[in-house]
Amino acid sequence: MNSLNSSQRKIIETINGPILVLAGAGSGKTRVITHRIVHMIQNIGISPSNILALTFTKKAAKEMKNRISDMMMNQTDFDQITLGTFHSIFSNILREESHWLGFKSNYTIYDHKDSENVIKQILQDLNLDRSLNYKEIKRKISEYKNNLYGLFYKKKLINHKVEESITKIYKFYTKRCFQANALDFDDILLHTNYLFFYFPNVLKKYQKKFKYILIDEYQDTNLSQNTVIKNLVSQHKNLFVVGDDAQSIYGFRGAHLSNILNFHLDYKNAKIFRLEQNYRSTNYIVQASNNIISFNKNQILKKIWTNNEEGEKIKIYCASSEEEEAQYIACSILSIKRKTNLQFENFAILYRAKIQSHIIEYSLKKKNIPYHIYGSISFENRKEIRDFLAYLRVIVNPNDEESLLRILKKRNQKTVKNILSLSKEKGITVYNIIQNIENYKSLLRINNKTKNKFISLIFTIEKLRINAEQDNAYVIAKNVINFLTKKNYYNYKNEDFQSILDYVFQYVKKQKELKNHGDTSLFGFLRCFYLEIDEDINHHKENKVSLMTIHLSKGLEFSIVFIAGLEENLFPSKSSLSTSFKIEEERRLFYVALTRAQKKVVLTYAKHRFIWGKKKENTPSRFIHEMNRNFIDIENHHKHILEKKKIHSLNHFHHVNDNKNYENSKYLKMKKGIKVFHKNFGLGIIVELQNQNQIALIKFQQSGEKRIFLKLDKLVICS
DNA sequence: CGCGACTATCTTTTT
DNA sequence: GATAGTCGCG
């Protein structure tokens, strides 16, 4: 407690009622939430089992768990705290309460690919496959679910023609998932909403249990999550949320700023605290990131400040290509490391899109720099792992059609197709048809050889299933791997599965160590696999440079941070350019990236980059232009790094910002009151010029007030 | 009936 | 450049 400042302490000691903490980056947000939990248990005497603590990412949940367990070393009942991601916690509750909603507790969790496959099939069945794109539909359905359309907002479902067909697909999709006894990620929250909405007695039970609810990164909640919480706290009103509107970066998942902006309306008498002192970064970094976020119109005004040293200016480097950019980063790491006493683990390389990691990885490898790419293993994308999981899933839930089809497709495709249509026609599950394949032999027009293939398969699965009732997940996993490596149908080797088998082993071991009721079942493992396992855990403390997307970096800090690929179309991403709302989210993402750094930030961009096998020329990101010049340091000589390429990498940025050029340009003609035309927003009038006339605040007839960067957005003067 | 070559589309970001 | 889906050949 002594390590906290007075405002932090005050927040921790206010226990009851709704509380919102607006916490800037690096202000000790996680410390506050973890200390508060410990204080509640150790000093106030609140029972750990009455506490519910929620996060959004697995990493954040893990981090919080570790910190609390460190602080409560000798306290034995700390694992009674319900702590985890929204999805993980509520999937557990749904397992307990599934009977109310009419599905079975052994449900399967459908991941993205599963959902997409279901949608593809529906499109085929409905003969719609040409007009609509399955990814778009997936996104829409997700949007519907996250916004609870249909539960509270029935009207919204009938809008345009497109929406109508999507609604239709949505219904089929729901039906299929129900028949397969499967939930997708969004369903976990949606069904919890159904549960609490239609079964008040169940809601009451959990209201009674969770007397104190804490939520980290509250700005990332979507309506579905927020509604679950609203219901849970409606009795005791002890809700403690921490968030920073400037770090809201999950809009694509339905997160909406309004949840944090309207907190005081949703919860009357809410106490609002602010944490504005940054303990993490140098003054230059704090100032520069404040400056960047000020370009957003939608924000709560905050004054983030620091007592830390001034530090170094933010470095900007223009590379000729993505290769050279990567080389520059690798060389910089080595040279900074030589000059300081920093270790590799103090460095992070952040990027907008996962795809950028390849080339950086390559250059680090060449220089023998140890690194770890977070979020890269992605088990669920590996073919053999998906095959393996398909068996596990069918063993737990034979109605899991996606998995069953995956297994069957290795065999006779045509027969599988026939089985599928027969299943639809008769309303019998695929699994049941195969179980009784003898009866359908003539309908399916198959010979004895084919028939026997299917029979032997189902026999194997059934054998595994019967054992599954007593065996733990590890035993079953080993059996499945034995089967897969026996070469009957697959060419897999044992070592293909070593890593996943390790995870199963770890899982079972950990469950056995738990005092009360560890869940060593196969279902438990699968649930954990999809909702809890963080594949990067093991790499956390090794001395390696961290590579990750900015999204993954949230909540972390590093001495030195490189942010790569600051180019228009990449960061901000191409698909965000169309609306100012999306651009603002990109800018918040950039803000998150900047504020990860303690000592130093290096921004890099490349003039050329290969995209889809084609060389493309990119202009520097608008975010680079937005950087206040007092805080930046432009490196335009490559000095010790590349001898040859000097000529090619003339600094583009320097060019654009050359003062003389700038004064001669037509942009100077931009004045207050001038009528202009913008290709996206139409006609407007300049209200104000900002940042040395680089930015115009324009009131558009159609789309309202917007900030336009004069060098990037082409404006035509109309008056 | 299964496999290999060809082409269309794709990339944000996470649970 | 990578992957999924389609088509044609053996």
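Sequence lines set the chain letters: A, B, ... in the order given, protein chains first and strands last, and positions in each chain run from 1.
Between the CG atom of A/L123 and the P atom of C/dG5 there is a distance of 12 Å, rounded to whole Å. Rounded to an integer number of Å, the gap from CZ of A/R527 to C1' of B/dT15 is 12 Å. Between A/K113 atom NZ and B/dT15 atom C1' there is a gap of 16 Å when expressed in whole angstrom units. Residue A/E322 contributes atom CD, which lies 11 Å from atom P of C/dG1 at whole-angstrom precision. Atom-to-atom, CG of A/L54 to C1' of B/dT15 comes out at 13 Å; the value is rounded to the nearest Å. The NE2-P distance, from A/H358 to C/dT3, rounds to 9 Å in whole Å. Nucleotide B/dT15 holds its P atom 13 Å from the CG atom of A/D111, rounded to whole Å. Between the P atom of B/dT15 and the CG atom of A/D186 lies a distance of 13 Å, rounded to the nearest Å.
Considering only side-chain N and O atoms, A/K120 lies under 4.0 angstrom from the phosphate OP1 or OP2 of C/dG5.
Ring pair A/H191/A/F103: centre-to-centre distance below 6.0 Å. In this structure, A/F523 has its ring center at least 6.0 angstrom away from the ring center of A/F525. Between A/Y530 and A/H87, the distance from one ring center to the other does not fall under 6.0 angstrom. Ring centroid separation for the pair A/Y170 and A/Y144 comes in under the 6.0 Å cut-off.
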Contact pattern, 5' to 3', of nucleotides 7-13 of chain B - B, S or - by protein heavy atom under 4.0 Å: ---BBBB
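Across the P atoms, B/dT13 and C/dA4 are found 16 Å apart, a figure rounded to whole Å.
Partners of A/K140 under the side-chain hydrogen bond (donor to acceptor under 3.5 Å, both in side chains) rule, at least two apart in sequence or in another chain, are A/E163.
Between A/I141 and A/I119, some side-chain heavy-atom pair lies under the 4.5 Å cut-off.
Because its NZ or CZ atom is not both nearer than 6.0 Å to the ring centre of A/Y591 and within 45° of the ring axis, A/R588 does not count as a cation-pi partner of that residue.
Counting any heavy atom pair closer than 4.0 Å across all strands shown, A/F56 reaches sugar-phosphate atoms only and no base atom.
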